[in-house]
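Numbered from 1 within each chain, the chains take letters A, B, ... in sequence-line order.
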There are 2 protein chains.
Amino acid sequence: MDKYINWLKDYDMKTTTQRLSILKSLDDRKHATIEEIHSDLVEHNPTMSLTTIYRNIGEMMKNLLVSEVKLPKRKNIYEVSKDSHIHLLCETCGKIEDAYIDMTDTLQKIKNRYFCDILDNDVTLSITCKECKEKMGNL
Amino acid sequence: MDKYINWLKDYDMKTTTQRLSILKSLDDRKHATIEEIHSDLVEHNPTMSLTTIYRNIGEMMKNLLVSEVKLPKRKNIYEVSKDSHIHLLCETCGKIEDAYIDMTDTLQKIKNRYFCDILDNDVTLSITCKECKEKMGNL
DNA sequence: CTGGGTGCAAAGTATTTGCATGAAC
DNA sequence: GTTCATGCAAATACTTTGCACCCAG
């Protein structure tokens, strides 16, 4: 739990049990919807309100501790913004996988062609994952 | 207008004036929010309802005639799904530009590393565009 | 202490649905 | 003529806000 206390300190946010449990939920799940976080937290604290989660996720996004990911045809998910990665979304089983890939070449091409600076990138690939491909092959 | 009639025929959708004007609005603007489409259409038909737009955009998405684009910190926008491209979103002026770029190398790397098939890709880059860079340089 | 955080209830906003009417094929 | 689309109103879903109370620093 010290880990989460330090994250909050780093971003100048007061420590509260609610905030610690939101961060734990996000860290355990890697990605979670507002509803998923809420259902995690209600288990240990039945009066935990959705409002608190919306407000804290909002604050954490302002402080760049947490990022929002908007996926095609899905509810938004939230994740701790630790590292830069892209999302692989399996169309068959629904699993979301983080992928770490160097896109420097592609980004450089865009910079050169469009004369822009690239501040951030947001990439989601709809895929059929390894496991689903194997299952399909066995039919 | 024949163009839009044919688009609807191609996707087995009945021709209605509402659908034609939705397609014209999308085609003219390249990207539009539900509200923007609505405000375009109310000009010529004051009783045009939001419901009709939601329902038709929904149908057109099911039929893959139209795609939804979810952008960071913005309302969803819709576009006619004619070609494959990525979106450049200027953080300074808010402009959205379509970019055509070959990402085969990057996608191939992901296929090889994660053993998946890639069905679709959804890429938005937050940028500072050429014009905004130039203005900044002049300060 | 004291300012900010929390929970509840209520208000906003966004989107969907039921149903009677109207238009396309 | 039939079938499907439309517009309205109402319902639902999602998110934000106001306010009294409470807790961390």
Side-chain angles (χ1 to χ4, degrees), chain A residues 1-2 4-25 32-63 65-78, chain B residues 1-2 4-25 32-63 65-78:
Chain A
M1 273 306 185
D2 275 5
Y4 307 132
I5 295 177
N6 286 328
W7 288 359
L8 290 173
K9 285 213 177 104
D10 290 346
Y11 290 88
D12 288 315
M13 297 182 69
K14 269 194 185 172
T15 304
T16 66
T17 48
Q18 288 88 340
R19 287 179 179 171
L20 293 175
S21 32
I22 289 172
L23 289 176
K24 177 165 171 29
S25 170
T33 64
I34 296 287
E35 284 297 339
E36 285 167 342
I37 299 168
H38 186 242
S39 77
D40 283 355
L41 306 206
V42 179
E43 289 189 14
H44 293 286
N45 174 3
T47 68
M48 164 68 61
S49 78
L50 266 176
T51 304
T52 297
I53 298 171
Y54 277 113
R55 272 199 279 235
N56 280 314
I57 291 286
E59 277 304 302
M60 291 172 184
M61 286 197 292
K62 274 191 204 155
N63 295 337
L65 208 196
V66 162
S67 331
E68 183 175 59
V69 185
K70 295 181 167 190
L71 301 168
K73 309 182 193 286
R74 297 269 213 123
K75 290 196 181 167
N76 294 347
I77 60 175
Y78 300 87
Chain B
M1 274 307 184
D2 275 4
Y4 307 132
I5 295 177
N6 286 328
W7 288 359
L8 290 172
K9 286 213 176 106
D10 290 345
Y11 290 88
D12 289 316
M13 297 182 70
K14 270 193 185 174
T15 304
T16 67
T17 49
Q18 288 87 338
R19 287 179 179 170
L20 293 175
S21 30
I22 290 171
L23 289 177
K24 176 164 173 30
S25 170
T33 63
I34 297 285
E35 284 298 338
E36 285 168 342
I37 299 168
H38 186 242
S39 76
D40 283 355
L41 306 207
V42 178
E43 288 188 17
H44 293 285
N45 174 4
T47 69
M48 164 68 60
S49 78
L50 267 176
T51 304
T52 297
I53 298 172
Y54 277 114
R55 271 199 278 236
N56 280 314
I57 291 285
E59 277 304 302
M60 290 172 185
M61 286 197 293
K62 274 191 205 155
N63 295 337
L65 207 198
V66 163
S67 331
E68 182 175 58
V69 185
K70 295 183 167 187
L71 301 168
K73 308 180 193 290
R74 297 271 213 121
K75 290 196 181 168
N76 294 346
I77 60 175
Y78 300 86

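When atom types are taken as modelled, the side chain of A:Asn56 and the backbone of A:Thr52 share a donor-acceptor pair closer than 3.5 angstrom. The closest donor-acceptor contact from the side chain of B:Arg19 to the backbone of B:Lys14 lies under 3.5 Å. Side chain of A:Lys75 to backbone of A:Ile34: no donor-acceptor contact under 3.5 angstrom is found.
Residue-to-nucleotide contacts include a donor-acceptor pair under 3.5 Å from the side chain of A:Arg55 to the base of C:dG7.
Annotation: proximity of residues 36-49 of chain B to DNA chain C (heavy atom, distance under 4.0 Å) is found for no residue. Of the residues in residues 7-23 of chain B, those placing a heavy atom less than 4.0 Å from an atom of DNA chain C are B:Lys14, B:Thr15, in numerical order.
Smallest separation of non-hydrogen atoms from B:Ile37 and B:Ser25: CA-OG, 3.7 Å.
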Pair B:Leu8-B:Leu23, side chain to side chain contact (heavy atoms under 4.5 Å, CB included): steps then yes or no = CA-CA 9 Å; B:Leu8 290 172; B:Leu23 289 177; 3.8 Å; yes
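Between B:Lys62 atom NZ and D:dA5 atom P the separation is 11 Å, expressed in whole Å. The distance from atom CG of A:Asn76 to atom P of D:dT16 is 11 Å, rounded to the nearest whole Å. Separating the CG atom of B:Leu50 from the P atom of C:dT17 is a distance of 16 Å, rounded to the nearest angstrom. We find that CG of B:Asn56 is positioned 13 Å from P of C:dT16, with the value rounded to whole Å. Atom-to-atom, CD1 of A:Ile5 to C1' of D:dA24 comes out at 12 Å; the value is rounded to the nearest Å. Taking atom CD1 on B:Ile57 and atom P on D:dT6, their separation rounds to 12 Å, with Å as the unit. Atom-to-atom, CD of A:Glu59 to P of C:dG4 comes out at 11 Å; the value is rounded to the nearest Å. Here C:dG4 presents its P atom at 17 Å from CE of A:Met60, a figure rounded to the nearest Å.
In this structure, of C:dT6, C:dA9, C:dT16, it is C:dA9 that holds the atom nearest to the side chain of A:Thr51.
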Scan nucleotides 11-14 of chain C against the protein and return all N/O pairs shorter than 3.5 Å with their distances rounded to 0.1 Å.
unit_1: C:dA14; atom_1: OP1; unit_2: B:Lys75; atom_2: NZ; d: 3.4

